[in-house]
*Asks:* 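Sharing a structure here in structure tokens format.
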2 protein chains.
Amino acid sequence: MRVTIKQIAEIAGVARSTVDKVINDRPGVSDEVRDRVRYIANDLGYEANIIGKALAFQNKQLVIAVVMPNIDFTVAARVGIEKALQEVKAFGISIEYFLTKNYDTAQQISTLDYLITKKVAGIMIRPVDDIELRDAVRNVVSHGIPVVTFNSDLVDSGRLCFVGQDSLKAGRVAANLMAKIINNRGKVAIITGSMSLAALELRLEGFATLIQSNFPMIEIVEVVETHENKIITFQKTLDLLQRQNDLAGLYITGGPMAEVGKAIKMLGLTKSLKVVCFDLYPEVIELLNEGVVDFTIDQDPIAQGYIPIKVIFEYLFNNKKPEQEFISTTVEIREKESL
Amino acid sequence: MRVTIKQIAEIAGVARSTVDKVINDRPGVSDEVRDRVRYIANDLGYEANIIGKALAFQNKQLVIAVVMPNIDFTVAARVGIEKALQEVKAFGISIEYFLTKNYDTAQQISTLDYLITKKVAGIMIRPVDDIELRDAVRNVVSHGIPVVTFNSDLVDSGRLCFVGQDSLKAGRVAANLMAKIINNRGKVAIITGSMSLAALELRLEGFATLIQSNFPMIEIVEVVETHENKIITFQKTLDLLQRQNDLAGLYITGGPMAEVGKAIKMLGLTKSLKVVCFDLYPEVIELLNEGVVDFTIDQDPIAQGYIPIKVIFEYLFNNKKPEQEFISTTVEIREKESL
DNA sequence: GTGAAAGCGCTAACAC
DNA sequence: GTGTTAGCGCTTTCAC
């Protein structure tokens with residue numbers, strides 16, 4: 001049988017509640033007693049019984065707020081959030097969603113302010129990639145509310161941690177895949193969603209750096225920016241493919257893949273052009289099946305939803321901060337048969 | 001507040017223990033009362049509180065036995081087992097390992113017999129791929145002990161489920177990868193560990209079938225069997241590569257990769273020969289880094305360790321069987337940068 | 001067949 | 001600063 005608070009109390013000759021105060025660093029115990037209890041607890045190798053803690057914890061009825069835009073990515077992340085919820089709801093924890101518009105910084109800020117007054121127990125946020133938010137998060141944190149960012153980070157905001165993909169690594173993986181399928185030689189063009197989104201920028205950098213250092217016979221001929229707009233993406237892709245009519249490969253860091261695919265198919269390049277892109281949304285799956293896309297790199301959105309909830313829970317329940325500030329999710333290579 | 005047994009008891013005008021019996025299908029309640037309580041519970045949407053159950057469950061002190069050979073795979077699986085243990089030990093569950101010799105059917109059988117007398121609560125086993133074991137498992141199951149097989153299955157043995165990779169799918173993925181890197185044409189040879197190990201046979205079949213149906217320009221010239229023996233593997237690989245001196249690709253379903261790699265390097269084929277293999281053990285990682293192996297397909301051994309423990313726990317704690325008999329772990333494509 | 005009561009380990013409210 | 005006490009939800013024992 002494991003050692004319990006009750007036993008420690010008996011040995012120390014004090015009440016259980018006193019031991020409880022010592023164990024949890026609560027006030028109201030004399031230094032003398034505190035030291036004695038600590039010594040005994042240590043000596044006996046006391047470890048809190050999770051079930052006992054949970055029993056008392058569950059009627060705190062805490063709520064974790066999820067602040068995120070309503071986009072493809074967060075739809076997938078939600079699966080992970082719900083999975084985590086199943087595991088922590090027994091502990092009296094519930095979740096409330098606050099869906100914002102994708103690039104609306106002001107809305108996210110006002111949501112955060114509201115959550116302070118609502119006294120939520122914790123917040124998980126997929127922030128707009130905008131520095132203005134940083135101060136709002138800082139404010140939340142200063143009110144004692146733990147915050148975890150996911151998918152996109154907000155450095156120096158005081159958040160507990162960031163959960164997301166290692167985009168630089170993902171870019172390097174993409175480079176290797178591209179090199180393999182174009183047999184280490186030829187011209188490659190890059191389509192990027194935005195030069196100012198940190199994650200996409202890193203996907204580009206990782207790719208370009210590895211190509212330049214390891215594959216002298218591969219030439220990156222052009223980088224095109226689409227601002228994730230459908231019409232622009234289609235038009236610019238079409239222009240690019242016509243302008244560069246001897247491309248071996250095309251690398252897309254982000255943006256609407258359906259439009260890129262449309263342009264490739266329209267020009268009859270499905271077989272000859274090798275394509276590497278990101279994520280595993282329905283439109284990408286279709287392109288994989290059609291043979292337009294060769295490889296896509298997934299960032300495990302489910303884990304990006306699941307982990308933040310568990311991190312916040314761990315903080316609330318055990319008062320433990322995560323070991324690393326950056327928890328990276330896997331870089332998953334997918335092709336047609338491995339969806 | 002969620003509805004509790006206490007509330008149901010009050011409404012039904014019976015004792016809590018009576019409600020408990022009804023909820024858990026225990027005997028000792030009249031049909032009339034049973035029906036009434038059931039109706040009320042249903043009506044109120046009663047769901048057992050996990051923490052409450054756990055509190056009572058934890059002093060049963062159940063033990064789950066893990067029966068497996070001590071090989072590369074199970075070393076990795078153990079990480080997942082320990083992770084699962086962390087989650088279930090609060091419920092009073094502990095784990096005992098029984099490491100057997102790899103191809104020793106008799107040892108596994110006698111271990112199983114012993115575990116019956118020891119009255120363990122559940123067993124997870126990586127069985128020898130041998131039909132003789134089937135009856136031993138059946139016997140265990142007939143004693144009311146739940147069994148889960150992992151990594152390799154034992155069909156028709158009465159086990160709760162099997163947790164492992166979908167080897168046929170893994171073979172198909174390998175085929176696509178190979179086709180991509182040899183540009184859909186050329187000669188390919190296959191090295192297989194054993195023609196009688198179910199998993200390896202399926203990896204071969206999935207590969208060959210997809211190549212034949214989708215890639216008419218790829219020819220599978222030879223299949224070599226190594227019996228997972230180091231010396232044989234090295235010698236046969238060497239012979240194969242010398243005999244077939246215009247191979248585009250080499251596909252290895254299993255067996256000691258270090259020896260295969262040695263032969264490839266010795267003949268100076270590192271750059272020209274494309275190689276796809278399985279698993280992510282240290283020797284394979286080294287070959288990836290050296291550029292000898294292009295892709296390896298991982299089967300997530302950690303999940304294969306983790307899931308069985310959770311399945312057995314779920315069965316013991318909630319009396320729930322898994323939904324599917326075959327729980328497949330992911331088919332993970334890995335290359336140099338994505339380890 | 002049914003009910004009363006104790007107990008699992010921890011926390012919190014409150015009296016001293 | 002310290003102890004007493006009740007209570008969280010469920011299971012189990014035992015008396016009736």
Side-chain angles (χ1 to χ4, degrees), chain A residues 1-38 40-41 44-62 88-93 121 316-319, chain B residues 1-38 40-41 44-62 88-93 121 316-319:
Chain A
M1 207 62 246
R2 285 243 298 279
V3 38
T4 70
I5 272 191
K6 192 177 165 189
Q7 292 167 17
I8 296 177
E10 276 167 14
I11 294 171
V14 299
R16 278 130 89 159
S17 59
T18 305
V19 177
D20 176 65
K21 285 173 194 163
V22 175
I23 300 288
N24 294 291
D25 287 322
R26 276 186 262 275
V29 184
S30 67
D31 286 353
E32 187 263 321
V33 172
R34 199 175 282 274
D35 285 347
R36 184 150 48 94
V37 169
R38 270 213 185 107
I40 295 171
L44 268 50
Y46 172 80
E47 281 180 80
N49 178 302
I50 297 176
I51 307 295
K53 276 188 82 149
L55 200 56
F57 187 85
Q58 69 181 340
N59 43 23
K60 288 194 180 184
Q61 297 286 16
L62 303 179
V88 300
K89 77 173 179 192
F91 294 76
I93 287 188
L316 297 173
F317 187 69
N318 288 322
N319 201 29
Chain B
M1 207 61 243
R2 285 245 297 280
V3 36
T4 69
I5 272 192
K6 191 176 166 190
Q7 291 167 18
I8 295 177
E10 276 167 13
I11 294 171
V14 298
R16 277 131 88 159
S17 56
T18 305
V19 177
D20 176 65
K21 286 174 193 162
V22 175
I23 299 288
N24 294 292
D25 287 321
R26 275 186 263 275
V29 185
S30 67
D31 286 353
E32 188 264 321
V33 172
R34 199 174 281 275
D35 284 348
R36 185 152 46 94
V37 169
R38 269 211 187 107
I40 295 172
L44 268 50
Y46 172 78
E47 282 180 79
N49 178 301
I50 297 174
I51 307 294
K53 277 187 81 152
L55 201 55
F57 187 85
Q58 68 180 340
N59 43 24
K60 289 193 180 186
Q61 296 285 19
L62 303 179
V88 300
K89 76 174 180 192
F91 294 76
I93 287 187
L316 297 173
F317 187 68
N318 289 321
N319 201 29

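Letters A, B, ... mirror the listed sequences (proteins, then strands); counts begin at 1.
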*Asks:* Distance check needed: dC10(C) P versus N49(A) CG, whole Å only.
*Replies:* 5 Å
*Asks:* Does OP1 or OP2 of dT2(C) have a side-chain N or O of T18(B) closer than 4.0 Å?
*Replies:* no
*Asks:* So what does A54(B) touch, heavy atoms closer than 4.0 Å: a base, only the sugar-phosphate, or nothing?
*Replies:* nothing
*Asks:* Distance from R34(A) atom CZ to R26(A) atom CZ, nearest 0.5 Å?
*Replies:* 10.0 Å
*Asks:* Just the rounded figure in Å: distance from P of dT11(C) to CD1 of I51(B).
*Replies:* 13 Å
*Asks:* Does Y46(B) have a side-chain nitrogen or oxygen under 4.0 Å from the phosphate oxygens OP1 or OP2 of dC10(D)?
*Replies:* yes
*Asks:* Check whether the side chain of S17(A) and the base of dT4(D) form a donor-acceptor pair under 3.5 Å.
*Replies:* yes
*Asks:* I want to check one thing: is the phosphate of dT11(D), taken as OP1 and OP2, less than 4.0 Å away from some side-chain N or O of N24(B)?
*Replies:* yes
*Asks:* Are any of the side-chain nitrogens in R38(B) or D25(B) under 4.0 Å away from the carboxylate oxygens of its partner?
*Replies:* yes
*Asks:* Just to confirm, is there a sub-4.0 Å distance from OP1 or OP2 of dT2(D) to any side-chain nitrogen or oxygen of R16(A)?
*Replies:* no
*Asks:* Evaluate whether atom CD1 of I50(A) has more than 12 neighbouring non-hydrogen atoms of other residues, nucleotides or ligands under 6.0 angstrom away.
*Replies:* no
*Asks:* Any ion pair linking R36(B) and E32(B) (charged N to carboxylate O, less than 4.0 Å)?
*Replies:* yes
